[in-house]
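Remarks on the structure that follows.
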Amino acid sequence: MYSPTILIEAMINGLLTGAIYALIALGLTLVYGVLHIINFAHGAILASAMFAVWGLNVLAGVDPYLAILLLAPVFFCLGYGVQRLVIGPAAKGDDGNILLITLGLSIFIENALLAGFGSDTRSISSDFSFAVVEAGPFLISSPRLVGFAGSLIVTAILWFIMSRTDAGKAIRAVAREKLGASLMGIDVGHVYAVTFGLGCAALAVAAGLLMPTFYVNPRVGGAFVNIAFTIVVLGGMGSIPGAMIGGLLIGLVESLSGLLLGESLGQIGIFIIFILVLLLKPTGLFGAKA
Amino acid sequence: MKLVETHLNRRTILKGGAAALATLSAPAVLRAAEPAPIKVGILQPVTGALAQDGEYGRLGAELAIEDINKAGGIKSLGGAKLQMVFGDARSNPEAGTQEVERMQEEGVVAVVGGFASPICLAASQAASRYDLPYLVDVGVSDQITGRGLKNTFRFAPGFSICTAAAIQNLVRINEAAGKPAKTVALVHEDGLFGSGLAKLMATELPKYGFEILEQIAVPTPSRDLSNVVLRLRSLNPDLIIPSTYYGETVLLARTMQQQRVRPKAVYAVLNGAASNRRFVAEFPEAAEGVMDCNHWYDPRNERSKAVQARVEAAGKPYNYNIPLNYSSVGLLADALERAGAAERGKVIEALNTSTFKEHLMPYGETKFVNGQNMGAAPVSTQVQKGAIRVVYPGDFADAKPMFPANG
Amino acid sequence: MRFSGYIPILVVTAALAVVPLVFSSNSLFNFMVMSLIITLAAQGWNILGGVAGQTSFGHALFFGVGCYTAAMLQFHFGVNAWLAFLLAVAAGAAAGFILGFLSFRAGLRGSYFALITLAFAELMRILANASDWTGGAAGLLLKLNPGFSNMQFESRASFLWLALAFVFIGLVISRAIAGSRFGAQLVAVRENEDAARALGVDVLSVKLKAISLSGAITAAAGVLYVQNFLYIDANIGFGVWISIEALLAPLVGGRGLVLGPLIGTFTLHGLGELTKSFAGRIPGIDLMVFAVVLIGVVAFASGGVLGLLRRFAPRLARRIAV
């Protein structure tokens, strides 16, 4: 058995990682909650955001955290455009079509990255990447602490937008009753695109927070997508606080089951939670009724 | 320069096919001054998960073909040039098989490459239907040459040769340094070679007095290795043996550096990064002192140095895929030379009797037994002052091992 | 009318069956074999996802169960390949029943059902990758031993005919369902589950039958894969790729239609081969073209290839689309 110090440190690690997972899941849950689609291109968009962070750093020496300020609006616009110009018109409201189109988008983006950047695994190395905060017997990675804080801030901002602003109200109205909202004069297509844009902006933030400690290659998104799905389900599809708490929980479970069962089999813990939640409480912790 | 004939249109196929027929049937004297090119299938995964390795493999094969052609082609065939027929295995066995079928139709005399074991297994089997010689470049699975396929050859060492050598080298290095390392932690990817390797290490190393503290399997891709490092920190082993792919090794090394885990040595086996120049260039501090038992070129070989210079002039790292594919194509050219005909049966015969020495690897004479080159062996390398050096065996070494690595 | 509904199936099958007699390109045969294996997997998906409207993201579960059952029975116990095939199909049906029993009873529909299938497939992938029985990460390699009794064939054409025979059976089953009471019940469940229940349809039982049949057919595709490549590992058997292939084909070809999976697979794979010629020196370009065409097909041909046909050749479409 492990000493309490190790268990506690593993839990801290789990929470820090979980916050980043939550940030990635945020975009997914937002898009699901409003558009009712499962966005297969999520991982590929994350990968492109990570490449953007990497590129800005290598070519222009932009700090990854600074890059977020630039990339979040850019990715918002990109997401807005993709939904407005590609997914929306091509899908014509059919679920099967949306599935195919987001799948097609992910193939396109992933291979565009491959063609543009090659398949090499790249990473950013700066002194800050290796910085630690010493707290008693624990060595806590500074970039991951920043990631944790960043993730909480973004969640709070999104939550504020959704619950306190007019745009948020429109989004929620569309999520609840599309037809009714459009009768009230809400431009549903615009709301969809804004939502998709917000999801992409969240990914850009996640990319900036991840790059100091992670690496990027065209297929990197795949590593995070399954876990994001689990978090979305656990937190309740469409719920922003659900995504955050779900992310932290999953991070914790992954960390502890990885420690106790081994990293490889530890992944099973996540899927078992996933399956149990679906079978026992498919609306998740905070989800509205299905 | 037109080295790459990735996709031929129908007319060239017909022309090429007819020309190849003419080459086969016409007696040597009657052949035209410019004999038809000999088509060689180069199979690499250049899209999908393994694209990075596939690109290096293709580069190695291209350079070899360029050099062979410049040196006058296959002399026993009237100076016939080699022509590459490239196939993208798309990182999966189905696509590998499909490309072998296409190469077969384009009339290649042999196929070189595959990189990953599953692709090599499927592709060599597809080739065996046509008695098409298949030269595995990297794929280490013992099953590849253990199936009794007459067409399949592997120039590089397979899994059991690599692990046996890895253990022997480690034991010798440790003994020479006065046995500073006693306890071991194994970190391995949970895929094909990682888990097999760990199993073998866990049974073999105790025989030499090592104590295995822990075996930690990590999935590919891993998102976070903090906990692995946490365990390593609490176990405090003398020796950490990581067998992981590139991304995971980067994560592991970075996290170890951050968490100040400094074992006496990191001795990797068939690692995806520890003998990758990009890794050493990007993380000089984390990489310093890391040892790896892996495929590696012969650092004293003059021709290898020349190839390395060309690769680096093109801004690419000289990773082991390049000399391995370069050498495999050279091996094929040598077999063609001795076979005196671009016929599959004769090429297979020539490969079986091969004593090929003009390769870039730290191997002796090539000698195939059941398709495996028994002259092949991996070497132990170490990152010293930002360069990857061969430290064992002494015959090929260009540096002495620093063991323990931290003073 | 009863028999005439099968005429398109016979025509298509016959047309595919003569290919090896007319052409001699093994590359073509190999392409067709792989496409037929995918078609079969997609036919399984289509019964559940197309006809009964229960979208699955995890048909790799059934494909992998088929692969591993056939491979393990032969590898560990030396069971005859054909017997192993039958048992693998039964195992696929059982896997379908268990998954259906758990998830349909819990009332999972739509995205929730889709996600749980994905989760089960991933769970199996991790287990198959870790267990000694399945050969772990090294996978299982079957002995190359051509002969009818081993379900291995020297010539590509023979294997093509074998795969085609299975696809033909799949087509006949799909067609028979389409014209049956069971089929009508499936459609009723797809269109409106509550209404179907009100009409006296035993929704759970109908869905369970559909998922068991679906699992069995997709497992058969897994067996064909193993018999063709003689090698299986966790990422092939339970990997996401086959889940996507199995769902992509019917959606592109025409969801819920008898010929949808066949037309979809050949369209997609044909497209894939065509775009390979764009590959050139830079990897990825061909798949980018593939993706653009895929999105274009969806955007401009809703209802799949058969939907397109319906618009431009309504008479032909009526004849083949059931």
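Letters go in sequence order (proteins before strands), and every chain restarts at 1.
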#### Entry: Point-to-point distance, once rounded to the nearest 0.5 Å, from CG of B:D190 to CD1 of C:I126
8.5 Å
### Task
Please flag which part of C:F29 lies under 4.5 Å from any non-hydrogen atom of chain B: side chain, backbone, both or neither.
neither
### Task
Output, in order, the C-alpha distance, side-chain angles, deciding distance and verdict of side-chain contact (heavy atoms from CB on, under 4.5 Å) for B:R147 and C:K143.
CA-CA 8 Å; B:R147 291 171 297 174; C:K143 249 200 146 91; over 6 Å; no
### Message
Quick one, B:R102 and C:N30 - any side-chain contact, counting heavy atoms below 4.5 Å?
### Response
no
### Query
From C:L141 CG over to B:I144 CD1, what is the distance, rounded to the nearest 0.5 angstrom?
9.5 Å
### Task
Can you measure from CG (B:N92) to CH2 (C:W241) and round to the nearest 0.5 angstrom?
7.5 Å
### Query
Will you find, in the side chains of B:Q104 and C:S27, an N or O donor that is under 3.5 Å from an N or O acceptor?
no
### Query
When heavy-atom pairs shorter than 4.5 Å are enumerated against chain B, which of C:D233, C:N235, C:I236, C:L230 gives the highest number?
C:L230
### Task
With the side chain counted from C-beta on, respond yes when B:Q98 and C:E273 share a heavy-atom pair under 4.5 Å apart, and no when they do not.
yes
### Task
Count the heavy-atom pairs under 4.5 Å between each of B:D88, B:L149, B:L121 and chain C, then report the option with the highest count.
B:L121
### Summary
Under 4.5 Å to a heavy atom of chain C? For B:A217 that would be neither
### Summary
All heavy atoms of C:F229 vs all of B:P93, minimum pair found to be CE2-O, 4.4 Å
### Query
Which atom pair, heavy atoms only, marks the closest approach of C:N26 to B:E105?
N-OE2, 2.7 Å
### Query
If you measure from CD on C:E154 to CZ on B:R129, what distance do you get to the nearest 0.5 Å?
7.0 Å
### Atom pair OH (C:Y231) and SG (B:C120), whose distance is rounded to the nearest 0.5 Å
10.5 Å
### Message
Can you confirm whether C:N150 is buried at CG, in the sense that more than 12 heavy atoms of other residues, nucleotides or ligands lie under 6.0 Å from that atom?
### Response
yes
